[in-house]
There are 2 protein chains.
Amino acid sequence: MADIESATAQNLLKAFMQFRKTGWHEKKIGGYNPSEFKVLAAIQQGANEKNEEMKVSEISQRLQVTPPTVTQIINILEKDGLVERAVDPEDRRSVKIKLTQAGMEATARAKNRFTENFTGLIDYLGEEESEQLADLLDKVHHYFNEQSR
Amino acid sequence: MADIESATAQNLLKAFMQFRKTGWHEKKIGGYNPSEFKVLAAIQQGANEKNEEMKVSEISQRLQVTPPTVTQIINILEKDGLVERAVDPEDRRSVKIKLTQAGMEATARAKNRFTENFTGLIDYLGEEESEQLADLLDKVHHYFNEQSR
DNA sequence: CCTAATAGTTAGGTAACTTAATTATTTACA
DNA sequence: TGTAAATAATTAAGTTACCTAACTATTAGG
């Protein structure tokens, strides 16, 4: 059993705490809150992948947040004219979310801004270490998922 | 320049997002909110290291949050009888925070609970990969700190 | 000695969530 | 076929973990 007082444990814990605060998850991304940006990006990606509009439940699943959370963020984006709701004629309980023209432009801009930072990180770490990091974080996620079952 | 659409970028981004949600940062740690637990642990550690009580400003620095945040958490802990305030006679502007007996016991219990999980992770990853992960996260932190200057 | 700096607190706000309850609608089956 | 159960989204209200700005008390510096 590893010892929490060991240098390794201390280092890893400190690294975790630092990382939470760290700026990859900025205050504003191209003018939008991170949560808004994530929803915009999810809508865009979903539309890209399936060539179809995203339902609230799909966004919720993709971002791993509850449906009310998505509803609220969509409300803001709709008020800002970035997004439109349309009842799905196939299943009138569902609501399809679509980016407006302004929304597509805003998303592209924000994504660009985000991309600069993020690809900069990968260049800084190097391809190999970036992959390593992704793998290790996956393992951590896997460990805690097991744990909670 | 790395490409945001590359597999590496996608993987790393996904890993980051997953990690944020991941349960190392649990909802409750031995019955306390993470923020409360962190303050308790900081007080304990500070007292351990310097054999002296922590000032609000020191806790604030250590946890990288503003003094009002610390004040508020201390208020809760004080109400719960885990912590006591005492004006520093050397500098009557300062307030020294001390764990009560109940506070020491609660902190020990919570820390134990936390430790189980965390050392389990290190065992799961192995010593070497744990160090690697800590290093990589440090690099990420370093990169974003540069960026924001 | 008095102005400026420092330590902490108070007041008020925000972002990003959550759960529980409610409203439409659709599905299943008796 | 009619109704009960399930599903999709929303509304309402609450929580956590922060923050900034303004205030109070105390100490330090010229």
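Proteins get letters first, then strands, A, B, ... in listed order; numbering begins at 1 in each.
dA28(C) atom P lies 12 Å from atom CG of Asp91(A), rounded to whole Å. Atom CD in Glu78(B) sits roughly 15 Å away from atom C1' in dT10(C) (whole-Å rounding). Atom pair Lys79(A):NZ and dT10(D):C1' shows a separation of 14 Å (rounding to whole Å applied). Between Asp88(B) atom CG and dA25(D) atom P there is a gap of 18 Å when expressed in whole angstrom units. Rounded to whole Å, the distance from CD on Gln64(B) to P on dC19(D) is 10 Å. Here the P atom of nucleotide dT18(C) and the NZ atom of Lys27(B) are 7 Å apart, to the nearest Å. One interatomic measurement links the two molecules: CD of Gln72(A) to P of dA8(D), which rounds to 19 Å at whole-angstrom precision. Rounded to an integer number of Å, the gap from Ile76(B) CD1 to dA17(D) C1' is 10 Å.
Side-chain atoms of Arg93(B) lie closest to dA7(C) of the nucleotides dT26(C), dT10(D), dA7(C). The nucleotide whose nearest atom lies closest to any side-chain atom of Pro68(A) is, among dA7(C), dA12(D), dT9(C), dA12(D). Closest to the side chain of Asn33(A), from the set dT10(D), dA16(C), dT20(D), is dA16(C). Counting only heavy atoms from C-beta on, Val65(A) has its side chain closest to dT18(C) among dT18(C), dA9(D), dT9(C).
Taking 4.5 Å as the limit, some side-chain heavy atom of Ile43(A) sits within range of a side-chain heavy atom of Ile74(A). Looking only at side-chain heavy atoms (C-beta outward), Arg62(B) and Glu58(B) stay at 4.5 Å or farther from each other. Inter-residue side-chain proximity for Tyr124(B) and Thr119(B) is flagged as unmet; no heavy-atom pair is nearer than 4.5 Å.
Using a 4.0 Å cut-off, some side-chain N or O of Ser57(B) falls inside it from OP1 or OP2 of dG8(C). Between Lys21(A) and dC18(D) there is a side-chain polar atom (N or O) within less than 4.0 angstrom of OP1 or OP2. Between dC19(D) and Thr69(B), a contact under 4.0 Å exists linking OP1 or OP2 to a side-chain N or O.
Arg85(A) comes within 4.0 angstrom of the backbone, heavy atoms only, and of no base. Residue contacts shown for Thr66(B) include a base, since a base heavy atom lies under 4.0 Å away. The residue Thr71(B) sits close to a base: some heavy atom pair falls under 4.0 Å.
Side chains of His141(B) and Lys14(A): no donor on one and acceptor on the other come within 3.5 Å.
Classification of Glu84(A) and Lys96(A) as a salt-bridged pair fails, no side-chain N sitting under 4.0 Å from a carboxylate O.
Both Lys55(A) and Pro34(B) lie near DNA chain D, and the one whose nearest nucleotide falls closer to the 5' end is Lys55(A).
At a cut-off of 3.5 angstrom, counting only N and O atoms as typed in the model, there is no donor on one side facing an acceptor on the other between the side-chain of Arg92(A) and the base of dT25(C).
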